[in-house]
Protein chains: 2
Amino acid sequence: MKLSTRGRYGLRAMFELARHYGEGPLSIKNIARRQNISEHYLEQLIAALKKKGLVRSIRGSQGGYILSRKPGDIKVGDIIRALEGPIAPVECVRDNDSETCSRTDICVARTVWKKVKDSIIEVLDTTTLEDMCNEEEKIRKEKERFMYYI
Amino acid sequence: MKLSTRGRYGLRAMFELARHYGEGPLSIKNIARRQNISEHYLEQLIAALKKKGLVRSIRGSQGGYILSRKPGDIKVGDIIRALEGPIAPVECVRDNDSETCSRTDICVARTVWKKVKDSIIEVLDTTTLEDMCNEEEKIRKEKERFMYYI
DNA sequence: GCTAATTCCTACTATATTTCTCGGCCTTTA
DNA sequence: TAAAGGCCGAGAAATATAGTAGGAATTAGC
């Protein structure tokens, strides 16, 4: 049950954009270098993010990408969904409708997967890019304090 | 972030064994037929489960497999781990040690994945095969009551 | 002891998915 | 008008998944 690089790289790229929110566009080359991701590959990921309206592009020289809304309004879940499709450990719990499986035994497994799905979504949809920025700041300060005492 | 058939089939097979716990061994052919899984493929999955000590085999004619302990003592997490390896959405949170990433930005993403991992494990390790059997029974009873009123 | 049922084992294959590359066109700023 | 940078589609390479094939070893029952 691994997340592919799409989701991982994508989140890192979006985090990079969040860190520089309000400072003008960041180019793919720039993001790719900072996060150590293949440029062309990242291009495709960002295209998917753009399609879902999470980023806006500015074309031409000195162009690049910016978040389409403030970091606090972008959930990690939005990013993962944009890049990996619906969040669901198995197909049969993808949609939230009440379709029941034909066989009870399968349904019981389904109950487990449903719980897993809900718990994943709970985490991803209660964490925003802003939270991640705050977290980073916290870590930075802790490190600083640590250095002080050396 | 999908679970492969290994985990899905494996859980269904184990559930099948749980349903028949105490009734003697169930052959692969039997399980495969009941759960509609390729025999040879299931064989490989069960081999992995056996290696991890979750099932015991009885060789020869009339042989098959039985759970190595009672359904209440087998967590869904045990099964998934046996078939898919460590439960972790990304590599860097696989082990519970305190290895910190060299780059802070990655670490922040890591914090998110760590939370996801913990929430998945929480669900999978608090659900046993017995729970699934009880769940099935509950569903069965509900259906029965429903039929009664028609 | 023979036969049928069944586990056990190793290898192989086909397909799908993921990850990344290539090359070129279009847009905008300096 | 040149350089920076987004946009786009095809496809290559690597890896993982899902399954196949075939046969050896073991045991119950006759």
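Nothing here was measured: the structure is a model prediction, and the numbers come from that model. So you know, we letter chains A, B, ... as the sequences are listed, proteins then strands, and number each from 1.
- Across all strands shown, B/K51 has no heavy atoms under 4.0 Å from either base or sugar-phosphate atoms.
- Distance B/Q62 CD to D/dT26 C1': 13 Å, rounded to the nearest Å.
- At a cut-off of 3.5 angstrom, the base of D/dT20 holds at least one donor-acceptor pair with the side chain of B/Q44.
- Residue A/L42 contributes atom CG, which lies 14 Å from atom C1' of D/dC7 at whole-angstrom precision.
- Using a 4.0 Å cut-off, some side-chain N or O of A/T5 falls inside it from OP1 or OP2 of C/dT19.
- Classification of B/E136 and B/R140 as a salt-bridged pair fails, no side-chain N sitting under 4.0 Å from a carboxylate O.
- Counting only residues at least two apart or on different chains, the side chain to side chain donor-acceptor pair (under 3.5 Å) pairs with a member in residues 46-60 of chain A are A/K50-A/S57.
- Neither OP1 nor OP2 of C/dT6 sits under 4.0 Å from any side-chain N or O of B/S57.
- Taking 4.0 Å as the cut-off between side-chain N and carboxylate O, B/E142 and B/R145 do not count as a salt-bridged pair.
- At a cut-off of 3.5 angstrom, the base of C/dC8 holds no donor-acceptor pair with the side chain of B/R59.
- Place B/E84 and B/H40 on DNA chain D by their nearest nucleotides, and B/E84 ends up nearer the 5' end.
- Contacts of A/I46 with the nucleic acid, taken as non-hydrogen atoms under 4.0 Å apart, are absent.
- At least one side-chain nitrogen or oxygen of B/Y9 sits closer than 4.0 Å to the OP1 or OP2 atom of D/dG19.
- Ranking D/dA18, D/dA4, D/dG6 by closeness to the B/R8 side chain, first place goes to D/dA18.
- The phosphate of D/dT20 (OP1 or OP2) has a side-chain N or O of B/S38 nearer than 4.0 angstrom.
- Among the protein residues, A/K50 comes within range of the sugar-phosphate backbone only, with heavy atoms under 4.0 Å from sugar or phosphate atoms but none that close to a base.
- Between A/K141 and A/E144, no side-chain nitrogen of the basic residue sits less than 4.0 Å from a carboxylate oxygen of the acidic one, so the salt-bridge criterion is not met.
- Atom CG of B/L45 and atom C1' of C/dT7 are 15 Å apart (whole Å).
- With hydrogens and angles ignored, the 3.5 Å screen pairs no side-chain donor or acceptor of B/R34 with any backbone N or O of B/E16.
- For B/Y41 and C/dT15, the OH to C1' distance is 13 Å, given to the nearest whole Å.
- In this structure, A/G60 and A/S4 both approach DNA chain C, and ranking their closest nucleotides by distance from the 5' end singles out A/S4.
- Rounded to whole Å, the distance from CD1 on B/I66 to C1' on C/dT7 is 14 Å.
- In this structure, B/L83 atom CG and D/dT17 atom P are separated by 12 Å, rounded to whole Å.
- One can place CG of A/L49 at 15 Å from C1' of D/dG6, the figure rounded to the nearest angstrom.
- At a threshold of 4.5 Å between side-chain heavy atoms, the hydrophobic network of Ile, Leu, Val, Met, Phe, Trp and Tyr places A/I28 and A/Y41 in one connected group.
- The distance between atom NZ of A/K29 and atom C1' of D/dA3, rounded to the nearest whole Å, is 10 Å.
- Side-chain proximity of A/E43 to the nucleotides D/dC8, D/dG5, C/dA5 is greatest for D/dC8.
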